[in-house]
Undergrad: 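Would you mind keeping the following structure in view while I ask a few things?
Because only heavy atoms are used, hydrogens play no part in the values below, and waters and symmetry mates are left out as well, while side chains stay in.
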Amino acid sequence: MMNSFSILRGVNILAGGEVSLTNNELKLTVAVSENDPKQGIVQSPFVLQKVKTVSFKRAFKLANNKLSYTQEMVLVIYSKTFAHTDKNTFTKE
């Protein structure tokens, strides 16, 4: 499985991973890190110098009319490393 997207600040992500189905729960996971030989993180020159993305991972779960996700980006911002995590759950009514 592949997941790709662009961020307006000049970052493009292509992450690969796996899909699994267990007990009626569908899971999709993707990840990529800096210098990955199969996937990639492409960034503009300014971003590489100031706000560089060094890794990305995302996981989706679909079960019982709910879609949830978590994702984490590790960034180096002005020489300091930060992990940014985002998560949410959507429910179909």
Undergrad: If you round to the nearest 0.5 Å, how far is OG of Ser55 from CD1 of Ile41?
TA: 6.5 Å
Undergrad: Find out whether Lys57 and Gln71 are in side-chain contact, i.e. whether some heavy atom of one side chain is under 4.5 Å from a heavy atom of the other.
TA: no
Undergrad: Got a sec, which pairs hit ring pair (Phe, Tyr, Trp, His ring centres under 6.0 Å) with one end in residues 9-33, sequence neighbours left out?
TA: none
Undergrad: So which heavy atom on Val32 is nearest to which on Gly40, and how close?
TA: CG2-N, 3.6 Å
Undergrad: Identify, with sequence neighbours excluded, every residue that meets salt bridge (Lys or Arg N to Asp or Glu O under 4.0 Å) alongside Lys66.
TA: none
Undergrad: Quick check: do Thr53 and Gln43 have side-chain heavy atoms less than 4.5 Å from each other?
TA: yes
Undergrad: Clusters formed by hydrophobic residues whose side-chain heavy atoms approach within less than 4.5 Å: which one holds Val42, and what are its other members?
TA: none
Undergrad: Taking the side chain as C-beta and beyond, is there a heavy-atom pair between Met1 and Val30 under 4.5 Å?
TA: yes
Undergrad: Just wondering, do Lys61 and Leu26 contact through their side chains at under 4.5 Å, heavy atoms?
TA: no
Undergrad: Hey, can you pull the donor-acceptor pairs under 3.5 Å for the side chains in residues 77-93, sequence neighbours left out?
TA:
residue : atom : partner : partner atom : Å
Asp86   : OD2  : Tyr69   : OH           : 2.9

Undergrad: In Å, rounded to the nearest 0.5 Å, how long is the span from OG of Ser4 to CD of Gln39?
TA: 11.0 Å
Undergrad: If you look only at distance, which donor and acceptor atoms sit under 3.5 Å apart when one is on a side chain in residues 6-18 and the other is two or more places apart or in another chain?
TA:
residue : atom : partner : partner atom : Å
Ser6    : OG   : Asn12   : OD1          : 2.3
Arg9    : NH1  : Val51   : O            : 3.3

Undergrad: If you look only at pairs with a residue in residues 37-57, which of them pass as a ring pair (Phe, Tyr, Trp, His ring centres under 6.0 Å), with sequence neighbours excluded?
TA: Phe5-Phe56
Undergrad: Determine, stepwise, if the pair Lys52 / Glu34 fulfils salt bridge (Lys or Arg N to Asp or Glu O under 4.0 Å).
TA: CA-CA 10 Å; Lys52 180 178 170 182; Glu34 188 175 36; 2.5 Å; yes
Undergrad: In this structure, would Met73 and Val47 fall into the same cluster of hydrophobic residues linked by side-chain contacts under 4.5 Å?
TA: yes
